Amino acid sequence: MRSPCEAHEGAVPQTAARPEDGTFCPRERRRYVLVAAILASSLGFIDGSVVAIAIPAMRSDLGASLIEAQWISNAYALTLSALILAGGAAGDKFGLRRTLIVGIALFIGASMVCAVAPDALFLIVARAVQGVGAAIMVPGSLAIIAKAYPKKERGRAIGIWAAASALTTALGPVIGGVLLSSFEDSVWRWIFAVNLPLGGLAIYFLAAKVPADAPGETRTLDLGGAALATVSLGALAYGFTVFGTASLLHSAAWVAAGFVVLAAFLVWERRQKEPMVDLGLFASRSFSGANVSTFFLYFALSAILFYLPMLLIAGWGLSEAATGFIFLPLSLAIALLSGPVGKASDSIGPRLPIVAGSLVVAAAFAGLALLTGGGIHSFWFGIFPLMALMGLGMALVVSPLSTAIMTAVEDSETGSASGINNAVARMAGLFAVAAMGGVAALRYASLLGETAGVVPSFGEEPASALPADAESIRLAASDAAFAAVSWVTAALCVLSALTAWMTVPGSGRTESAEDAANPASAE
């Protein structure tokens, strides 16, 4: 039987093309693996940032409420964060090329459904399916590079992948913002439609240019754990989302149910021979502390990147084209500085860069709170410099956090450790969008006074011009609501720094088994 790689003209038999360096892909075909992986990862990265800018246009076009807007983001984040570990395991079980093709196909298929969504509920469901595709696609895009390239060439390939992905992540919101500014609100649909040619090209390279890799060791997929994780995270996210808009009892009941299912998930995982989450890794104080720091920091980052575009576009009336630039400093700083910072953390240990970076991000978010709380409406001389400061702080954190995670476990456990940390960051974003919506809505509503029935909800553009006094109150309430979110996120970044200071090693050495058993000896 001929493989897809052999079907095109001039292909050599698959057995003859097998390299002798232990990889599955011949040298001349590895560039197709790299390009496909860059395209696949870019789909996931761009989707999150551009959708944040498009939320006001979606709300206007579909008549979506603030809660529906939150779930347009959270439906995707929910399935992605709950299933990303299972998606990585599927690549090991069925082969990376095959599962990556399936993940990309599901992602772009759901994207096409998103593009034709007639209402907010339809879009939310389609976004959830899109997240399932991303959960398969995102871990596979990096893993297939590692499997296709020999160790001596792997670092350079991953570096190219990271740089190209950072570039597309930086340019995506800028290009998307220009598109949204130039046409009517319904143009947001093209943000999803563009996934078709990009994803289609990635599938073509994988199916026609790359040979199939052999599945890894036989293992069972923890589908029960994946289902429990999805239900638990969904219940928690819903409970946090309706806080401030529904009764306190209603919100508390959903949160309580989420924690009950979470407890069931932990019991389930402990009883599995091949669990989705290896809970034993959390016996390491460094590993647990680095993940807590990750949760606090990415919660704060996700909240700002979701609600700031709402304030700028719907509140200040800034164009989507200008708003798209707030994502640029983050991507560029990480792309340019992660390498040097990573080398420094190898020498001095990851603790100091994580603490310093978290505090820099905290300062940036406190600056946003002071700026917006003070009613100062300056983008290029206010918001943008603070976002550049935030980008610098995140660049100080990203590589050292990975180092802290990887050095806290044995070499044989680095894959599981990385997957868990990735899932923690995704869950942080899910809860951030859910919980901070309640904070913003409560603060916004408290300042509306007699205009409560006149002005739209936070982050929603008025359908028509408002009276001058109502517009003034709406703008002040929008600023105050975002300032409240910014103060919370600044505090969480400080907590991230404190957690890292108390748990992450201060030197280049790893935490030993004795340290894990006796935390006092790690100091």
Side-chain angles (χ1 to χ4, degrees), residues 41 43-55 66-67 69-85 87 107 124 127-128 130-135 137-139 165 169 172-173 229-230 232-241 243 258 262 290-310 326-327 330-331 334 358 361 365 387 390-391 393-394 397-398 401-402 405 418-440 459 482 485-486 488-493 495-496:
S41 60
L43 288 174
F45 293 150
I46 293 173
D47 188 85
S49 56
V50 179
V51 166
I53 297 175
I55 285 291
L66 176 59
I67 289 180
Q70 289 171 269
W71 276 100
I72 290 172
S73 172
N74 272 351
Y76 175 84
L78 170 61
T79 51
L80 173 56
S81 58
L83 301 177
I84 192 168
L85 290 174
F107 184 88
I124 289 168
R127 288 279 287 163
Q130 196 183 29
V132 177
M137 178 179 70
V138 170
S165 298
T169 303
T230 304
S232 172
L233 294 178
L236 288 169
Y238 179 78
F240 291 137
T241 300
F243 174 74
L262 177 60
N291 276 294
V292 172
S293 290
T294 296
F295 184 87
F296 286 147
L297 190 65
Y298 279 86
F299 184 108
L301 177 67
S302 300
I304 293 297
L305 294 183
F306 184 79
Y307 289 104
L308 180 56
M310 281 194 195
I326 65 172
F327 294 88
L330 175 64
S331 301
I334 291 175
S358 296
V361 178
F365 291 168
M387 294 303 287
M390 179 270 292
M394 288 301 300
V397 170
V398 172
L401 260 181
S402 297
I405 291 292
S418 177
I420 290 172
N421 187 245
N422 196 342
V424 167
R426 305 282 181 176
M427 286 188 287
L430 170 68
F431 291 136
V433 173
M436 290 298 96
V439 172
F482 181 77
V485 171
S486 297
V488 173
T489 58
L492 289 174
C493 290
L495 285 177
S496 174

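Just so we're clear, the structure is a prediction, and the values are computed from it rather than from any experiment. Worth knowing before you read on, the calculation uses all heavy atoms, side chains too, and leaves out hydrogens, waters and symmetry mates.
Rounding to the nearest 0.5 Å gives a distance of 4.0 Å between CD1 of Ile326 and CG of Leu308. Distance check, rounded to the nearest 0.5 Å: OG1 of Thr489 to CG of Leu301 gives 9.5 Å. Distance check: Ser73 OG to Leu305 CG gives 10.5 Å after rounding to the nearest 0.5 Å. Here CG of Leu83 is found 8.0 Å from CG of Leu78. Values are rounded to the nearest 0.5 Å. Rounded to the nearest 0.5 angstrom, Ile304 CD1 and Met390 CE are separated by 8.5 Å. Here the CG atom belonging to Leu297 is positioned 4.5 Å from the CE atom belonging to Met394, to the nearest 0.5 angstrom.
Tyr76 and Phe107 have perpendicular rings, their planes meeting at more than 60° on a 0 to 90° scale where under 30° would count as parallel.
Applying the side chain to side chain donor-acceptor pair (under 3.5 Å) test to residues at least two apart or on different chains, the pairs with a partner in residues 291-302 are Asn291-Asn421, Thr294-Asn421.
Among residues two or more places apart in sequence or in another chain, the side-chain contact (heavy atoms from CB on, under 4.5 Å) test is passed with Ala434 by Asn74, Ala237, Phe240, Thr241. In this view, Gln70 and Tyr307 satisfy the side-chain hydrogen bond (donor to acceptor under 3.5 Å, both in side chains) rule, not counting sequence neighbours. Scanning for side-chain contact (heavy atoms from CB on, under 4.5 Å) contacts around Ser331 gives Thr169, Ala170, with sequence neighbours left out. Remark: Val488 engages Met436, Leu492 in a side-chain contact (heavy atoms from CB on, under 4.5 Å) (not counting sequence neighbours). In this structure, Ser486 has no side-chain hydrogen bond (donor to acceptor under 3.5 Å, both in side chains) partners at least two apart in sequence or on a different chain. By the ring-ring contact (aromatic ring centres under 6.0 Å, His included) test, Phe327 pairs with no residue at all, sequence neighbours left out. Under the side-chain contact (heavy atoms from CB on, under 4.5 Å) criterion, Ala490 pairs with Phe365, Ala366, not counting sequence neighbours.
Residues Met387 and Leu330 are not in side-chain contact: their nearest non-hydrogen atoms beyond the backbone lie 4.5 Å or more apart.
Here the side chain of Arg127 pairs a donor or acceptor atom with the backbone of Ile72 at under 3.5 angstrom.
For the pair Ile124 and Ala75, the tightest heavy-atom approach, listed with the atom from each and the gap, is O-CB, 3.3 Å.
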Can you give the donor-acceptor pairs under 3.5 Å from side chains of residues 422-432 to other protein atoms, not counting sequence neighbours?
from: Asn422; atom 1: OD1; to: Arg426; atom 2: NE; distance (Å): 3.2

